[in-house]
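In what follows, every heavy atom counts, from backbone to side chain, and hydrogens, waters and symmetry copies are set aside. All chains are named by letter (A, B, ...) in the order of the sequence lines, taking the proteins before the strands, and each is independently numbered beginning at 1.
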Amino acid sequence: MTGNPATALPRLESAGLDGWMVRLFEQIDEANLPWITALARHCESAFGDVLVDLVPSYTTLLVVFDPVRLSPTEARQKITGLLVELEPDEHMGTGQVHELPTFYDSSVGPDLGRVAEHTGMTVAEVIDCHSSKTYRVFALGFAPGFAFMGLTDPRLECPRLDTPRKKVPVGSVAIAARQTAAYPTATPGGWNLLGRTSARLFDREREGFSLLRVGDEVRFVSVSREEFERQGGDTTPMEAAG
Amino acid sequence: MTAQRKMESAIRVHRSGPLALLQDLGRFGVRHLGVTQGGPADLYSWAWANYLAGNPWGTASLEITFGGLQLVSERDLDIAIAGADLGATLDGQPVPLWQRITWKEGQKLAFASPVSGLRAYLSVRGGFAAEPVLGSVATVGREQLGGFDGWGSKLADGDRLAIYSPDGKPAEGMTEAPDDARKDFRESPVLELLPGAQIGEFTGRSLYDAFNTWWRVDDRADRMGVRLLGPKLQCRIRSLISEGISLGGVQVPPDGQPIALLNDRQTIGGYPRLGALSPLSASRLAQCLPGQEVRLVARGSGPVLENYRTFLAGFRS
């Protein structure tokens, strides 16, 4: 993919009649985020009410506009203009910092033992390893408010389950490959479950519903069963929770 | 929109059938939250139904998939049905589609099964009334968003549906769609595809196959996407880092069978894509029954845009 001018970055790729895919990077990297969030902000002001949606992800920003009021060519020119002037957001971005109280326990994190075995660590070391790093939100997707975060410590790298669970309880904290996530709603899921957070990740009382946004920083804070329950966490074990 | 008077119980659901969903234009400005767009799978027919019922662009209608739905009106209503011919009857008499009709109090409107197409749109003058969630009443069951209850539920037996009472002025505009606007969905459609960035990563043979095959619509087809069966397409890239996906995006997983992504698709995905169907071709595909054949044709954005703008101009002004 290198050495060919057609593959130089950043570049714009056709994404249908109403969209441009802005490809900024080739690889997943936390350092990508301040560039992507900066471009998203600039698109919001440059496109105004002709903008329909912005979908930031690990290495890209999908810009969706109203093709009746702006042609793909005009949209392309706008984005190209923004890219020429683009500066990354300061200090790794303008995202918020969240602490997610997490009860790490095999009753709500049934894959703790499996992950320990796979990684050659003790359960306590797995918990310590997962909760000692600050993660960044790379993308939201899969389900509303589901934030893909990373990167986890390389020692925690772990494949997905061979067979996904039919229903993963709300708040489940999980890892797969070198990413981590917490399930905002009960959905099917194939990630390794380590515990459960009491944080309300998808809440209709909140503006935009989702606690986490692309570029945010997240820490999982290990709490006791008592503290977890005090914060409204649900300790129903996995078997009973379905 | 000005304050509208809500009529709490205008229609009673006698039988809900397999899938009847409330759909406005969809949920926008929220895809960065992982929330999908929803909205009518066949924008074309949805727009006609609303227009013929005398409603402004964006009014919520019912999307009736496959049939089976039976509704009883609890007052006289002006309605229009467009899209699929699902053998609809009013008290046993066939209902004309693609035109404004009166549905009298107490009459039973019953949808049977597909004659042509898969999804019919029922618009009631004034529009169906529900509380928007994240700016829209579009029903997305998987996300538990929208619909009459706000939690993404499809219609259920015994539901009573609220509408906004019409403003009293006679509806403007035509009351019947011209013949050339009424689609016969039994024909095998040619779908316009705007090539995307990974198209060059498919082998030459696969590119030939992609555009010279009558693809068969699989029974794995829903509002998220429609799988097409045919020759196995080979791409030099097996997967990408996940990125946003446009409406109509045609992705090709490692099994080589393309999936055209529709309104309820996930917001990001990581399979290479041939490109994206034009909005009207995505609408057309949403009317195909399993087993029906479709063909893909590569198009530049110029003529496709012109066509789309002409379509919207008739409804959106």
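For Ser242(B), the parts lying near chain A are the backbone and the side chain together; criterion is any non-hydrogen pair under 4.5 Å. Heavy atoms closer than 4.5 Å to chain B are found in the backbone of Ala143(A), but not in its side chain. Residue contact with chain B, scored on non-hydrogen atoms closer than 4.5 Å, involves the side chain of Leu62(A) exclusively. The part of Leu54(A) that comes within reach of chain B is its backbone (N, CA, C, O), which places non-hydrogen atoms under 4.5 angstrom from that chain. In this structure, the portions of Val304(B) lying under 4.5 Å from any heavy atom of chain A include both its backbone and its side chain. Of the two parts of Ser14(A), the backbone and the side chain both hold a non-hydrogen atom closer than 4.5 Å to a non-hydrogen atom of chain B. Using a 4.5 Å cut-off between heavy atoms, Val52(A) touches chain B through backbone and side chain atoms alike. At a 4.5 Å heavy-atom cutoff, Gln37(B) makes no contact with chain A through either its backbone or its side chain. At a 4.5 Å heavy-atom cutoff, Val140(B) makes no contact with chain A through either its backbone or its side chain. Within the 4.5 angstrom heavy-atom criterion, no atom of Phe138(A) approaches chain B.
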Item to complete: Could you go through the salt bridge (Lys or Arg N to Asp or Glu O under 4.0 Å) check for Lys78(A) and Glu85(A) one step at a time?
Response: CA-CA 11 Å; Lys78(A) 259 187 205 293; Glu85(A) 306 274 312; over 6 Å; no
Run the side chain to side chain contact (heavy atoms under 4.5 Å, CB included) check on Val35(B) and Glu143(B) step by step: do they pass?
CA-CA 8 Å; Val35(B) 174; Glu143(B) 295 185 343; 3.5 Å; yes
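A donor-acceptor distance shorter than 3.5 angstrom exists from the side chain of Asn32(A) to the backbone of Tyr58(A), with no hydrogens or angles considered.
In this structure, Leu24(A) and Thr59(A) have side chains that are not in contact, with every pair of non-hydrogen atoms separated by 4.5 Å or more.
Ser123(B) and Asn50(B) share a donor-acceptor pair across their side chains, judged by distance under 3.5 Å alone. A donor and an acceptor atom, one from each side chain of Ser136(B) and Asp24(B), are located under 3.5 Å apart. In summary, the side chains of Ser153(B) and Asp149(B) do present a donor paired with an acceptor at a separation below 3.5 Å, with no hydrogens or angles considered. Remark: the Asp216(A) side chain and the Gln96(A) side chain contain no N/O donor-acceptor pair separated by less than 3.5 Å. Inspection of the Ser57(A) and Thr60(A) side chains reveals no N or O donor paired with an N or O acceptor under 3.5 Å.
Here the shortest heavy-atom pairing between Leu262(B) and Ala286(B) reads CD1-CB, 4.2 Å. Looking at every heavy atom in both residues, Tyr271(B) comes nearest to Pro253(B) through CD2-CA, 3.7 Å.
Ring geometry, His130(A) versus Tyr135(A): the interplanar angle falls from 30° to 60°, so the pair is classed tilted.
Heavy-atom pairs under 4.5 Å with chain A were tallied for Leu277(B), Leu134(B), Leu193(B); the largest tally goes to Leu134(B). Contact tally against chain B (heavy-atom pairs below 4.5 Å) for Asp53(A), Leu140(A), Val55(A): the top residue is Asp53(A). For the set Glu207(A), Gln27(A), Met21(A), the count of heavy-atom pairs under 4.5 angstrom toward chain B peaks at Met21(A). Contact count versus chain A (heavy atoms, under 4.5 Å) is highest, among Thr267(B), Leu194(B), Ile268(B), Ile245(B), for Ile268(B). When Gly302(B), Gly34(B), Gly249(B), Gly29(B) are compared by the number of non-hydrogen pairs under 4.5 Å with chain A, Gly34(B) comes out ahead. Interface summary for chain B: among Gly16(A), Ala15(A), Gly19(A), Pro67(A), the most heavy-atom pairs under 4.5 angstrom belong to Pro67(A).
Scanning residues 172-191 of chain A against chain B with a 4.5 Å non-hydrogen threshold yields no residues.
In Arg200(A), the CZ atom is not crowded: 12 or fewer heavy atoms of neighbouring residues, nucleotides or ligands sit closer than 6.0 Å.
Tyr44(B) pairs in a ring-ring contact (aromatic ring centres under 6.0 Å, His included) with only one of the listed residues (Tyr51(B), Phe315(B), Phe311(B)), which is Phe311(B).
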